[in-house]
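Working notes for the structure below.
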Amino acid sequence: MFALQFEKMENPILAHSQGFPKSERLCSQKVIKELFSKGSSLFVYPFKILYLPASTLSASAVFPQVMFSVPKKNFKRAVDRNRIKRQCREIYRLCKSHLFSEKKPPQALAIIFVAQKQETFEFLQKKMEKVLEQMP
RNA sequence: AAAACAAGUCGUCUUAUCGCUGUGCCGCAGGGCAUAGAGGAAAGUCCGAGCAACACAGAGUACCAUACUUCCUAACGGGAAGGCAGGAAACUUACCUUUCUUGACAGCCAGUGCCACAGAAAAUUACCGCCCGCAAGGGUAAGGGUGAAAAAGUAGGGUAAGAGCCUACUCGAAACGCAGUCAUGCGUUUUUGGGGUAAACCUUAUGGGUUGAAAGACCAAAUAGGCUAUCGCACGUAGGGCUACUCGCCCGAUGAUAGCGGGUAGGUCGCAUGAGGGUUUGUGCGAACAAACUCCAAGAUAAAUGAUAAGAACGGGUUUUUUAGCAAUAAAAAACCCGUACAGAACUCGGCUUACAGACUUGUUUUUUUU
RNA sequence: GCGAAAGUAGCUCAGCUGGUAGAGCAUCACCUUGCCAAGGUGAGGGUCGCGAGUUCGAAUCUCGUCUUUCGCU
């Protein structure tokens with residue numbers, strides 16, 4: 001359903017925006033540390049997000065750097081954690097371009113899955129859009 | 001054919017759209033195209049190695065691990081075969097025997113410890129009892145109840161009463177002979193016969209240096225409070241190192257010169273050709289080994305190998321229809337519903353252990369049917 | 001990735017050189033009080049995380065397994 005939406009897009013920068021290359025992932029330990037100590041947070045079940053507001057220096061980026069996290073405490077098996085992370089990543093990849101087409105993206109973003117059990121794909125999709133819309 | 005047990009094999013597939021990681025090619029570049037991309041346990045981290053760094057004169061003690069025998073293996077606490085002991089089944093009146101299966105299976109005749117309650121007594125024993133004796137005292141361990149366990153068991157002789165005190169058989173120990181590579185088995189002889197517990201301390205034999213890829217090497221940025229080499233000084237002292245300790249051994253305070261360079265954050269290598277896999281043949285009871293041919297098959301780093309949709313396949317259930325049948329039921333078709341496990345590489349191998357929907361193969365046993 | 005500790009009553013802990021499983025708080029009943037609290041007396045409550053083994057006998061010893069916690073960078 002998202003594929004149909006994006007065919008109408010005219011922005012040349014966002015033409016290939018469904019990709020999720022390495023530059024859009026949050027890898028630097030330094031930034032992660034800063035994010036968890038200074039970042040603002042927001043909660044909509046089952047997601048908790050942390051974000052750093054956009055700095056003036058790196059304003060050129062179209063999308064923020066994102067990390068996903070599923071705590072080991074709630075999901076013991078590596079298989080379950082991997083699956084949830086993959087689903088979250090997929091949802092974010094599909095919906096990010098129409099979310100950030102208007103608003104200015106933050107510098108860094110962390111999405112944490114805090115539920116105790118697994119949810120369906122559609123449910124996660126709705127909630128993810130909601131939580132990202134609420135972000136200033 | 002069904003069930004049980006044991007061993008082994010496999011463990012969903014296809015298409016569409018959108019992605020991720022590695023490699024190759026094209027492009028000045030954004031990027032594009034091609035191609036490859038989880039397991040039998042990748043898991044637990046329980047053993048054994050490779051590899052790396054540090055330590056390396058050596059000896060003893062301590063500590064840790066292992067423990068029937070022979071073999072396999074790079075090695076092992078793994079595996080194979082055999083022995084012994086226990087269990088089950090078949091056969092049998094019963095034993096024997098056969099098959100399957102389980103076993104941390106060295107040593108309590110080296111020493112020390114422990115054995116609740118009950119019981120006279122729990123290990124050089126003595127309450128009641130029995131016997132001798134007037135008595136004092138002595139000799140006994142047949143009988144008694146307890147207990148998980150009571151000083152080899154049964155029968156006979158013997159005696160004051162008794163006792164391996166003696167005899168026969170059985171069990172156990174030692175020596176010798178024979179068979180076997182060995183564990184051990186069989187036979188003979190001997191006088192020998194005083195529980196259990198080493199998953200109690202321990203003894204004996206064998207083995208073990210420590211730390212783990214977050215090991216370690218290199219690159220650029222950055223530069224000392226550290227390190228190395230040479231010379232000097234000097235009491236080889238203070239102190240430090242070599243495994244926890246002892247002996248013993250080694251280094252060794254400060255000054256000068258030269259070189260290297262820590263923390264922090266990042267990149268490259270380590271890092272995917274290896275005690276590798278597959279097939280065939282040969283050797284061996286077997287684990288396994290040898291030869292020939294052939295194949296190259298993930299390499300991430302907050303961590304790729306996916307998400308969504310549709311369909312197929314397989315298995316199970318329900319309903320309906322048809323066929324066979326008196327019936328129970330069986331077979332086929334259609335529709336609907338449910339299920340498709342355990343689980344995700346993190347340096348690499350060899351094992352072990354644990355988890356696992358379901359399907360298949362082989363062997364053994366039992367039951368039923370047919371011949 | 002590598003390594004270590006713990007699991008016992010509803011809760012916090014003893015018992016762990018093998019021999020009947022205990023304390024405090026909590027719960028319930030009674031006494032005391034006009035009533036409540038405190039106090040006193042008594043009672044109930046345990047697959048000793050789970051599964052095997054050694055032993056006559058296991059919370060304790062050994063092995064496997066599950067869960068929780070902690071350390072190393």
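All values below were derived from every heavy atom in this structure, side-chain atoms included, with hydrogens, water molecules and symmetry-related copies excluded. Naming: A, B, ... by sequence-line order, numbering from 1 per chain.
Within the 4.5 Å cutoff, no side-chain heavy atoms of A:Phe68 are placed close to those of A:Ile84. Counting heavy atoms from C-beta on, the side chains of A:Val131 and A:Ile111 never come closer than 4.5 Å.
Contact record, A:Leu124 with A:Phe47: O-CE1, 3.7 Å, taken as the closest heavy-atom pair. Shortest non-hydrogen contact noted between A:Cys88 and A:Met128 is O-CE, 3.7 Å. The two atoms that bring A:Val44 and A:Lys130 nearest to each other are CG1-CD, 4.4 Å, heavy atoms only.
Checking the phosphate oxygens (OP1, OP2) of B:A307, no side-chain nitrogen or oxygen of A:Gln125 falls inside 4.0 Å. For A:Arg89, a side-chain nitrogen or oxygen approaches OP1 or OP2 of B:A303 to under 4.0 Å. Within the structure, every side-chain polar atom (N or O) of A:Arg83 is placed at least 4.0 Å from both OP1 and OP2 of B:G344.
Atom P of nucleotide B:A300 and atom NZ of A:Lys85 are separated by 17 Å, given to the nearest angstrom. Regarding A:Asp80, its CG atom lies at a distance of 14 Å from the C1' atom of B:A43, rounded to whole Å. Here B:G306 presents its P atom at 17 Å from CD1 of A:Ile91, a figure rounded to the nearest Å. Look at OH on A:Tyr92: it is 15 Å from C1' on B:C20, rounded to the nearest Å. Taking atom CD1 of residue A:Ile84 and atom P of nucleotide B:U308, one finds them 12 Å apart after rounding to whole Å. Distance A:Gln87 CD to B:G19 P: 19 Å, rounded to the nearest Å. Atom CG in A:Leu94 sits about 9 Å away from atom P in B:G19, given to the nearest Å.
For the C1' atom pair drawn from B:C95 and B:C356, the interatomic distance equals 47 Å after rounding to whole Å. As rounded to the nearest Å, C:U41 and C:U32 have C1' atoms that lie 11 Å from one another. For the P atoms, the distance linking B:U318 with B:C91 amounts to 41 Å, nearest Å. Separation of the C1' atoms belonging to B:A81 and B:A287 is 8 Å when rounded to the nearest angstrom. Rounded to whole Å, the separation between the P atoms of B:G78 and B:C5 comes to 26 Å. Taking atom P in both B:G185 and B:U97, the straight-line distance is 14 Å, to the nearest Å. With both ends at atom P, the span from C:G49 to C:C16 equals 16 Å, rounded to whole Å. With both ends at atom C1', the span from B:G194 to B:U125 equals 13 Å, rounded to whole Å.
By the 4.0 Å N-to-carboxylate-O rule, A:Glu90 lies close enough to A:Arg93 to be salt-bridged with it.
Distances were taken from every side-chain heavy atom of A:Met67 (C-beta onward) to each of B:C18, B:U308, B:A302; the shortest belongs to B:A302.
An anti base is found at C:G44: its glycosidic angle is more than 90° from 0. Classified by its glycosidic torsion, B:A38 falls in the syn category, the angle being within 90° of 0. Syn is the conformation of B:A297, whose glycosidic angle sits no further than 90° from 0. Glycosidic conformation of B:G40: syn, with the torsion inside 90° of 0.
When the nearest nucleotides of RNA chain B are assigned to A:Asn82 and A:Glu90 by heavy-atom distance, the more 5′-ward of the two goes with A:Glu90. Mapping A:Ala78 and A:Phe68 onto RNA chain B by nearest heavy atom places A:Phe68 at the nucleotide closer to the 5' end.
If you check B:U159 for Watson-Crick or wobble pairing at under 3.5 angstrom, you find it has no partner at all. Judged by Watson-Crick or G-U wobble contacts below 3.5 Å, the nucleotide B:U21 has B:A36 as its partner. Using Watson-Crick or G-U wobble geometry with both donor-acceptor distances under 3.5 Å, B:U361 finds its partner in B:A7. Nucleotide B:U230 is matched to B:A256 when pairs are restricted to Watson-Crick or G-U wobble geometry with both distances under 3.5 angstrom. Shown here, B:A135 forms no base pair; nothing in the strands shown gives a Watson-Crick or G-U wobble contact with both key distances under 3.5 Å. Judged by Watson-Crick or G-U wobble contacts below 3.5 Å, the nucleotide B:A126 has no partner. Within the shown strands, nothing qualifies as a pairing partner of B:U146 under the Watson-Crick or G-U definition with both distances less than 3.5 Å. Remark: B:A221 base-pairs with no nucleotide; criterion is Watson-Crick or G-U wobble with both hydrogen-bond distances under 3.5 Å.
If you check every strand for non-hydrogen atoms under 4.0 Å, A:Arg81 touches nothing.
Going from atom CD1 of A:Ile91 over to atom CD of A:Glu122 covers 9.0 Å, rounded to the nearest 0.5 Å.
Helical stems in RNA chain C, defined as runs of 3 or more consecutive Watson-Crick or G-U wobble pairs with both donor-acceptor distances under 3.5 Å, are listed by first residue as C:1-7 with C:66-72, C:10-13 with C:22-25, C:27-31 with C:39-43, C:49-53 with C:61-65.
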